[in-house]
Amino acid sequence: MAAQSTQISKPTSIPASKYVTLRISKFNPKKESSPKFIDFKVPYQKWTTVLDAILHVKQNLDHSIGVRYSCRQASCGSCGMKINGRPALACFTKIIELNSDVITVEPMNNFPIIRDLVVGFERMFSTHKKIKPYIIREDSEITPGTKEFLQTPEEVEKYIQFSNCIKCGLCNSVCPTMATDSSFVGPQALAQAYRYIADTRDKGKKDRLKIIDDSHGIWRCHFAGSCSQVCPKGVDPAMGIQLLRGYLLGFRS
Amino acid sequence: MRESVIMKIHYGTALAAVALVAVHVLFRLTQNFAESLEYESVIANYQFLPYAGMLEIILILLSIHGFNGLRVILIELKQGRSFEKSVTYGCIGAMALVILYGSRTIFLTSMGMT
Ligand code: SF4
Ligand code: FES
């Protein structure tokens, strides 16, 4: 019998890199009075993301660039920023899809800048906590003698898209009400309020509706819809907000 | 008052005002525009009691809707407990004044005291 040989083909050569200008907003609010842009020439391939390009700069050209990231796969919600003026996840945006020789990266709007591209999430996390983002009920699946709480596919369908939220804050950064109302609860938290209220296992609807039915709560949404336009996870906060209003106006129970 | 109750009143007054203003506009179409603005015809409207009643209701609906709208705009522009309290009471006061002054005009005119 002829001996079988496994041939490991040589890796095909990596195509030569092209270059793009990465314009990064640099700003340390503790030391400077206004942001400034610094340009870097960065090589890229067709798979290079904006985050890869920023990390290239950080490794090779300017170690001081402030950027936050973790998963590099659109799961942790850390790397939201304005890319060519539009809020997006840097790890989920490829250089080639931007179709531009200059890529400008800036911190997200409506968040306080910590340094360069890093913003503070305190307000978003506190509004998220405020709407009680967990199942509220007396009994538990782990109480002996109780059964798993079952749901039909239709019941899951009602809230499943909202549970994809990774708390990246892109929706809050484009919300016009967030820009002027420092007490507004925001699309991220409102979408999560809907996510739990629409969950048939949850019994906290009354509590949550009371929390969002405030002078800086759900009624301050003007339905601009930008939140849903920028969400990288396909969540539709604007729709969640309208559905929540249905509960408060008595159209839904 | 809960914000949802206020907003139900806000939407309700808007819908009712649109309906009544439509009736008002339709009445105006029974005459030509210049004629409908003549002194006698304006006074005649006020002295026709159901019409004067409708104008009074429109005045109340628009004042409630308008001043709540103003409150909403102002609390979205600036926050703070004392600011929001003064906006709320200021709007309620201004609304009451507009309704009182408008009602006085409607009442006096419909009584023929012009
Ligand atoms: S709703 Fe979308 S955009 Fe908003 S925080 Fe969640 S994942 Fe990000
Ligand atoms: S690094 Fe985690 S979402 Fe981009």
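The figures here come from the full heavy-atom set of this structure, side chains too, leaving out hydrogens, waters and symmetry mates. Sequence lines set the chain letters: A, B, ... in the order given, protein chains first and strands last, and positions in each chain run from 1.
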Tell me, for A:Asp213 versus chain B, whether the close heavy atoms (under 4.5 Å) come from the side chain, the backbone, both or neither. both
Got B:Ile75 and A:Arg220 here, is their nearest side-chain heavy-atom distance under 4.5 Å? yes
Can you see which heavy atom on A:Leu249 is nearest to which on B:Lys8, and at what distance? CD2-CG, 3.7 Å
Is it the case that more than 12 heavy atoms not belonging to B:Phe107 sit under 6.0 Å from its CZ atom? no
Any donor-acceptor pair under 3.5 Å linking the side chain of B:Gln79 with the backbone of A:Ser182? yes
Measuring from atom CG of A:Leu248 to atom CD of B:Glu3, what distance do you get when rounded to the nearest 0.5 angstrom? 10.5 Å
CZ/A:Phe37: more than 12 non-hydrogen atoms of other groups inside 6.0 Å: yes
Crowded around A:Lys132 NZ? As in, over 12 foreign heavy atoms under 6.0 Å? no
Does CD in A:Glu155 sit with more than 12 non-hydrogen atoms of other residues, nucleotides or ligands closer than 6.0 Å? yes
Would you indicate whether B:Tyr51, at its atom OH, is surrounded by more than 12 heavy atoms from other residues, nucleotides or ligands within a distance under 6.0 Å? yes
Do A:His216 and B:Glu76 pair up side chain to side chain, a donor and an acceptor below 3.5 Å, judged on atom types alone? no
Say you draw a straight line from CE of B:Met7 to OG of A:Ser215; how long is it, rounded to the nearest 0.5 Å? 11.5 Å
